[in-house]
2 protein chains.
Amino acid sequence: MANIRDLARMAGVSVSTVSRVLNNHPYVSEEKRTAVLQAIEKSSYHKNINAVNLSRGKTMLMGVVVPYSDHPYFSLMIKGIAKLALDHNYKLVLIQTDYREDRELEALEMLREKQIDSLIICSRTCSMDIVREYAGYGHIVLCENNNDEAVSVTYVNHYRAFYRALTYLYQNGHVKIGYCIGRKTGVNSLQRQAAYRDFVSKYNLGFNEDYIIGDCLYFEDGEKVVNKLREMASPPTALLVTSDQVAAGIVTCCQKLDIAIPGELAIIGFDNQPIAKMMDITTVKIPIEEMGSNLFLQAFNGDKSRKEMQVRLIERGTV
Amino acid sequence: MANIRDLARMAGVSVSTVSRVLNNHPYVSEEKRTAVLQAIEKSSYHKNINAVNLSRGKTMLMGVVVPYSDHPYFSLMIKGIAKLALDHNYKLVLIQTDYREDRELEALEMLREKQIDSLIICSRTCSMDIVREYAGYGHIVLCENNNDEAVSVTYVNHYRAFYRALTYLYQNGHVKIGYCIGRKTGVNSLQRQAAYRDFVSKYNLGFNEDYIIGDCLYFEDGEKVVNKLREMASPPTALLVTSDQVAAGIVTCCQKLDIAIPGELAIIGFDNQPIAKMMDITTVKIPIEEMGSNLFLQAFNGDKSRKEMQVRLIERGTV
DNA sequence: TTGTATGCGTTATCAC
DNA sequence: GTGATAACGCATACAA
């Protein structure tokens, strides 16, 4: 495979001149330019990006850490990231972690080893101490409400969103309210839990550990949720479900079992995915794709910033 | 940031020795090894992967081309690829194309520019002539039934699978059968179309263009399908739906409209995603994740091969 | 077992 | 405008 030196020889010019026409730099005579262009033409020459990267110290590669790339929430976020990446000539390196810390570390190592210029962590399990260690090697962007100065963040106020949704249910007459969530730890989850605690405490509803159902990620988890409810002596009459997928699964399952919604069980989903609209599920709209785009921009620009995205309750038929 | 030369200086050895301990090569005395190790320790040294790549001519990066990364089918395939990539120390570069040829070309260019070692194309729109041009720059793997010798392929026999499903519907008394599909062109789609044509011709059912409904990708497209059926004077009584998501959407929509399934409309989905099981949808099981894993292995190994994956009709309640 | 020297393909600095 | 040449950081054949 021809390299820049071969081109120089063929065109009868120096490598610098070749490099200049390759990168559209000024100060090169039309004559020589065309000579080089011709050489390129008949030599099947192509840049070796690694050499460029080494020389420039940049890779135009951005890492994206997600726990599950096949979850609609993260899929959509990736979509938002990818859209802008394309515009800015960046490629994405996808790192799927399953919330395993060693995988997250691998991603951070890529940053250190300069294989990626910057890193978007859509959701993490490792400590901020670790993240902070790597902040010097490139921009790190998080998708959570976090005040750490080493990183930029794009987030929604999950505390407020949760509290708002809970209040809505309360106003609709519910006093036994539970919620379904992916994992119970994690920054966002803890903020929601705090909102839940504050809420039940304010209205004296009593805190019931059973009303918090974890491991709810996919549509099919809805069945599990319904089964749990049926085993309870005093099940909640309303459920906040932190993923429209799961909410849809619950609704579907209830239909099969003739459990009336919202009569016997009220549901509020999160995200406002298309499935929620189609199934007429009340939900809290989260601008996931826009968040992805903003994450990209923060990683791209590099100056530290914090951006809160707004959410909105969309009233439909499940409350 | 320290480099290998600094380490050599600090440890009082040569760069080659440093390189040897860095890469766990034999023939280096314990003494010098520890000296180097210590130097590494206190210098916050880390490899520059680009330099390694340049020197080695490899990147340990594999490109993955998908039209839509947020579609459950491709998400799952990516998952299968990612799983093995992890085992083999490969990272994935995700290229989402929306079936735009220029994006596919970008991916192929990455191969040529040595930014990726190999490329998995999960679905393409560009011609094989173009793909073939790039085959010399690295392994290219396709997910379609294709005999081109320049590439490896992992595929399912969509013709046979489709024919089988159609026959099943026929045996269940249906003579007005239609199908829903993502895009109407594309290798896999054409093979299904061929099966459909052969099928209706064999049983003298008549070919009805309206019975082929395109742009069916997501859950929410189910509504569109149902609306189309309702506008028909003589709608099909059974539908092959090439994505469980869409099948689920159709079923959901029919429930809302009190259209009996399978009484008024029989449905066979494809993929056997969890949603199909949960909604009791008859479907053709496709081992998507395993296909992803196999695609990875083919790209990894590089020797040209063809692998057909088996599918199976799973009888449930929608036929 | 160790070190020297060279190559990998570009970019960038500087002198001309 | 143009061309040497020195980085960029590492791997490795070869010599010792």
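Remember, predicted model here, so these are calculated numbers, not experimental data. Every chain is numbered from 1, with letters handed out A, B, ... down the list of sequences.
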Tell me, please, which residues at least two apart from B:Arg56 pass salt bridge (Lys or Arg N to Asp or Glu O under 4.0 Å).
none
Upstream residue (5' side of DNA chain C) when A:Ala51 and A:Arg20 are each assigned their closest nucleotide:
A:Ala51
Of residues 30-42 of chain B, the positions that come close to DNA chain D - non-hydrogen atoms, cut-off under 4.0 Å:
none
Give one of base, sugar-phosphate or nothing for A:Asn23, where a contact means two heavy atoms less than 4.0 Å apart.
sugar-phosphate
Taking the nucleotide of DNA chain C with the closest heavy atom to each, which residue, A:Leu22 or B:Pro26, is nearer the 5' end?
B:Pro26
Any residue meeting side chain to side chain contact (heavy atoms under 4.5 Å, CB included) with A:Lys114, in chain and number order, not counting sequence neighbours
B:Met1, B:Asn48, B:Asn50
If you assign B:His25 and B:Asn50 each to the DNA chain D nucleotide with the nearest heavy atom, which residue ends up on the more 5' nucleotide?
B:Asn50
Is it true that B:Glu144 and B:Arg124 make a salt bridge, defined as a side-chain N closer than 4.0 Å to a carboxylate O?
yes
Among side-chain atoms of B:Ser16 and B:Ser19, is any donor-acceptor pair under 3.5 angstrom?
no
Can you list, in residue-number order, the parts of residues 109-118 of chain B that come under 4.0 Å of DNA chain C, counting heavy atoms only?
none
Nt span of DNA chain D in reach of chain A heavy atoms at under 4.0 Å, 5' end first, is D:dG1 to D:dG9
Any ring-ring contact (aromatic ring centres under 6.0 Å, His included) pairs touching residues 47-86 of chain B, not counting sequence neighbours?
B:Tyr68-B:Tyr99, B:His71-B:Tyr218
Five pairs per end, C1' atoms only: what is the angle between the end axes of the helix from C:dT1-D:dA16 to C:dC16-D:dG1, to 10 degrees?
40°
Mind jotting down which residue pairs meet the salt bridge (Lys or Arg N to Asp or Glu O under 4.0 Å) criterion with at least one end in residues 96-111 of chain B? Sequence neighbours excluded, please.
A:Lys91-B:Glu106, B:Asp98-B:Arg103, B:Arg100-B:Asp102, B:Glu109-B:Arg112
If you walk 5' to 3' along DNA chain C, what is the first nucleotide with an atom under 4.0 Å of a heavy atom in chain B, and what is the last?
C:dT1 to C:dG9
Across the strands shown, which category fits A:Val13 at heavy-atom distances under 4.0 angstrom: base, sugar-phosphate, nothing?
sugar-phosphate
When you compare the side chains of A:Tyr90 and A:Asp117, does any donor N or O come within less than 3.5 Å of an acceptor on the partner?
yes
Could you tell me whether the side chains of A:Lys47 and A:Asn23 share a donor-acceptor contact shorter than 3.5 Å?
yes
Provide the full list of side chain to side chain donor-acceptor pair (under 3.5 Å) pairs with a residue in residues 79-89 of chain A, sequence neighbours left out, each pair given once.
A:Lys83-A:Glu289
Does either side chain, that of A:Asn188 or that of A:Tyr155, offer a donor lying less than 3.5 Å from an acceptor on the other one?
no
Need one value for A:Ser29: base, sugar-phosphate or nothing, where a base atom within 4.0 Å counts as base even if backbone is also close, heavy atoms only.
sugar-phosphate
Can you name the residues that form a salt bridge (Lys or Arg N to Asp or Glu O under 4.0 Å) with B:Arg33, not counting sequence neighbours?
B:Glu30
Applying salt bridge (Lys or Arg N to Asp or Glu O under 4.0 Å), can you list everything that pairs with B:Asp215, at least two apart in sequence or on another chain?
none
Test log, rule side chain to side chain donor-acceptor pair (under 3.5 Å), inputs B:Asn294 and B:Thr154:
CA-CA 7 Å; B:Asn294 200 67; B:Thr154 296; 2.8 Å; yes
Would you mind classifying the nucleic acid contact of A:Thr17 as base, sugar-phosphate or nothing, using non-hydrogen atoms under 4.0 angstrom?
sugar-phosphate
Can a side-chain donor-acceptor contact be found between A:Ser75 and B:Asp70 if the only test is distance below 3.5 angstrom?
no
Which heavy atom of B:Gly292 sits nearest a heavy atom of B:Ile81, and at what distance?
O-CG1, 3.3 Å
Check the pair B:Val141 / B:Gln298 against side chain to side chain contact (heavy atoms under 4.5 Å, CB included), numbers first and verdict last.
CA-CA 7 Å; B:Val141 179; B:Gln298 288 178 314; 3.5 Å; yes
